Amino acid sequence: EMFETDTRGHPGLETRASNLIWDGKDNFLKIAAMLEEGANRAVEILQTQEEAGLRQAADEITRNCSACHDTYRLP
């Protein structure tokens, strides 16, 4: 929901979001969906493997967080 409105040009709004979010919204939403899938897989891993699966669960989430932040987040 927080990425429904194009925030470019809103005076006084400070954000680290790159304009690429709005210029490539389809790819941004694809990565967001992959993050959601990874988070769901992480929950399943933790439920079945508990602490033994912690690293794999974290990797499922981190991989997709990095893909988005590397492309769509300003330093």
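In this text the structure is predicted, and so the values were computed from the model without any measurement.
Between Thr7 and Leu13, the shortest heavy-atom contact is CB-CD2, 3.5 Å. Minimum heavy-atom separation, Ala17 to Leu74: O-CD1, 3.8 Å.
Under a 3.5 Å cut-off, the side chain of Thr48 and the backbone N or O of Ile45 do form a donor-acceptor pair.
Put simply, OG on Ser66 and CD1 on Ile61 are 11.5 Å apart, with the number rounded to the nearest 0.5 Å. Rounded to the nearest 0.5 angstrom, Ile21 CD1 and Cys68 SG are separated by 6.5 Å.
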Got a list of side-chain donor-acceptor pairs under 3.5 Å for residues 34-44, not counting sequence neighbours?
from	atom 1	to	atom 2	distance (Å)
Asn40	ND2	Glu36	O	3.3
Arg41	NE	Glu60	OE1	2.9
Arg41	NH2	Glu60	OE1	2.9

Less than 3.5 Å apart, which donor and acceptor atoms pair up between the side chains of residues 50-57 and the rest of the protein, not counting sequence neighbours?
none

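For residues 10-33, the set of pairs meeting the side-chain hydrogen bond (donor to acceptor under 3.5 Å, both in side chains) definition, not counting sequence neighbours, comprises Arg8-Asp23, Asn27-Tyr72.
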